[in-house]
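Working notes, beginning with the structure itself.
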Amino acid sequence: IYRNLEIKAGATFDTHGPSGGGTDFNLTVTGHCHILDDAILTCNDSDVTLGSLDLDSGGTVNAPSDSSTNGLIITSQYGGDAINGDGNWHHNDGKVTITTPASTYLDIAFGGETGDARLYDLVINNASCIAIIVDNTRILNDLTITLGKLYEDDAAVDALRVDGDVLISDGGTLGNNTWTADLQFG
């Protein structure tokens with residue numbers, strides 16, 4: 001889809017097509033994807049690439065599963081956010097990769113971070129990316145910083161917990177010398 005995708009209240013966008021069954025179709029939205037209250041994006045086993053993701057408090061994302069090749073890739077930002085996640089998130093053991101080539105915010109608390117309303121795997125992979133978490137953040141499996149940086153918005157408040165491995169390549173950076181909030185790693 002060229003440009004933007006807005007999923008309206010009461011609507012479901014399913015990568016299996018309108019019947020919700022059958023073949024997984026990959027989805028690419030070059031611009032902003034906005035999921036309104038009472039709207040659903042279901043990604044199944046598809047690879048999904050979005051410019052940015054804005055999830056309203058009553059909206060739902062059923063993220064790509066671990067059976068997809070690339071999971072969910074965010075390539076840009078909208079209003080400073082790569083992800084503005086106020087709604088319901090179901091991780092499906094899948095991966096989210098941020099390739100935004102700029103400083104950008106990750107609001108990934110997803111309605112208060114309960115149950116599977118957290119990211120499962122998070123990858124930062126662009127040398128120009130400075131991804132900034134804006135709330136207490138928990139990643140249920142692995143954090144990988146291949147290229148780029150992962151920082152915090154408020155060094156004294158924004159805690160980070162990674163239940164799995166933290167993998168930082170030569171081109172990656174986690175935090176800076178001002179991050180004083182709790183950091184917990186697998």
Side-chain angles (χ1 to χ4, degrees), residues 1-2 4-7 11-36 38-56 58-76 82-100 104 106-126 129 131 133 137-148 150 160-169 172 185-186:
I1 297 173
Y2 183 70
N4 302 319
L5 172 64
E6 182 174 82
I7 304 174
T12 297
F13 190 104
D14 192 316
T15 59
H16 275 185
S19 64
T23 304
D24 287 308
F25 295 98
N26 293 334
L27 172 65
T28 299
V29 177
T30 60
H32 180 61
C33 180
H34 186 190
I35 301 164
L36 299 171
D38 196 33
I40 301 170
L41 172 62
T42 298
C43 301
N44 303 296
D45 296 334
S46 301
D47 290 330
V48 177
T49 302
L50 306 174
S52 61
L53 175 62
D54 187 4
L55 177 59
D56 286 357
T60 300
V61 171
N62 297 306
S65 76
D66 62 344
S67 297
S68 70
T69 303
N70 298 309
L72 173 63
I73 299 173
I74 305 291
T75 62
S76 189
I83 300 176
N84 181 17
D86 296 324
N88 304 302
W89 177 269
H90 303 284
H91 63 71
N92 295 316
D93 296 342
K95 172 175 60 176
V96 174
T97 301
I98 308 296
T99 63
T100 304
T104 188
L106 301 179
D107 178 0
I108 50 179
F110 299 114
E113 287 196 57
T114 59
D116 74 342
R118 299 175 178 103
L119 296 184
Y120 188 74
D121 286 323
L122 175 63
V123 177
I124 309 297
N125 193 13
N126 186 301
C129 181
I133 61 170
T137 298
R138 181 176 178 191
I139 299 166
L140 295 175
N141 196 38
D142 296 338
L143 168 63
T144 303
I145 306 172
T146 307
L147 294 170
L150 180 64
L160 174 64
R161 176 178 169 180
V162 180
D163 293 350
D165 294 329
V166 176
L167 309 164
I168 304 171
S169 298
F185 305 120

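Predicted model, so just to flag it, every value in this text is computed and none were measured. Values reported hereafter were calculated over all heavy atoms of this structure, with side chains retained and with hydrogens, waters and symmetry mates removed.
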Shortest non-hydrogen contact from [X] toward [Y]:
X	Y	result
K95	T69	NZ-O, 4.2 Å
C43	P64	CB-N, 3.4 Å
D165	D142	N-OD1, 2.7 Å
T75	T99	CA-OG1, 3.5 Å
N125	T97	CB-CG2, 4.3 Å
H91	A63	O-CB, 3.8 Å

Within-4.5 Å side-chain heavy-atom neighbours: [X] and [Y]:
X	Y	answer
D14	N44	yes
L27	L41	yes
H34	N4	no
W89	I83	no
T100	I74	yes
D24	H16	yes
I139	L160	yes
N92	Y120	no

At what distance, to the nearest 0.5 angstrom, does [atom1] of [X] lie from [atom2] of [Y]?
X	Y	atom1	atom2	answer
L72	S46	CG	OG	11.5 Å
N62	N88	CG	CG	9.0 Å
I7	I35	CD1	CD1	4.5 Å
L143	T137	CG	OG1	10.5 Å
S68	N26	OG	CG	8.5 Å
D86	D54	CG	CG	7.5 Å

- Query: Under the 3.5 angstrom rule, does the side chain of N141 hit a backbone N or O of D121 as a donor-acceptor pair?
  - Reply: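 No: the side chain of N141 does not pair with the backbone of D121.
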
- Task: Using modelled atom types only, decide if a donor and an acceptor are shared between the side chain of D47 and the backbone of N70 within a distance under 3.5 Å.
- Result: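 Flag set: sc D47 to bb N70 pair under 3.5 Å.
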
- Task: I would like to know whether S65 and D45 meet side chain to side chain donor-acceptor pair (under 3.5 Å); could you show each step before the answer?
- Result: CA-CA 5 Å; S65 76; D45 296 334; 2.4 Å; yes

